[in-house]
Amino acid sequence: MKKLNVTLQLEMSVPDDWELVETSEGTPVLKLPNGVFMDVAIEPLFASDPEATWSSTDDDDVLNDILDMVESEAVTYEFVTH
């Protein structure tokens with residue numbers, strides 16, 4: 001088995017009413033309006049041709065097999081003011 005490191009970094013323009021909050025375990029997540037929370041993490045996408053439309057899988061076993069390969073995950077959030 002080989003190791004694969006994947007780094008996820010996004011810069012987004014988001015509404016002013018989004019907030020950073022922590023779960024009971026100290027994990028940062030985003031609090032959106034109306035009591036909805038969002039976490040941004042990896043979701044594998046698949047295609048039969050690299051030039052075709054990519055989509056997530058409907059097969060939970062395939063998704064779980066991929067996610068079981070993840071040994072650690074680190075997502076950070078920071079609001080930047082200019």
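Just so it is clear, the model here is predicted, and its values are computed rather than measured.
- Applying the side-chain hydrogen bond (donor to acceptor under 3.5 Å, both in side chains) test to every pair with at least one member in residues 42-67, sequence neighbours left out, gives these pairs: Glu43-Ser56.
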Can I get a per-line list of side-chain donor-acceptor pairs under 3.5 Å for residues 3-12, giving both atom names and the distance, sequence neighbours left out?
from: Lys3; atom 1: NZ; to: Glu71; atom 2: OE1; distance (Å): 2.7
from: Lys3; atom 1: NZ; to: Glu71; atom 2: OE2; distance (Å): 2.7

Hey, can you pull the donor-acceptor pairs under 3.5 Å for the side chains in residues 13-38, sequence neighbours left out?
from: Thr23; atom 1: OG1; to: Glu25; atom 2: N; distance (Å): 3.3
from: Thr23; atom 1: OG1; to: Thr27; atom 2: N; distance (Å): 3.1

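- Across all non-hydrogen atoms, the minimal contact from Val40 to Tyr77 is N-OH, 2.8 Å.
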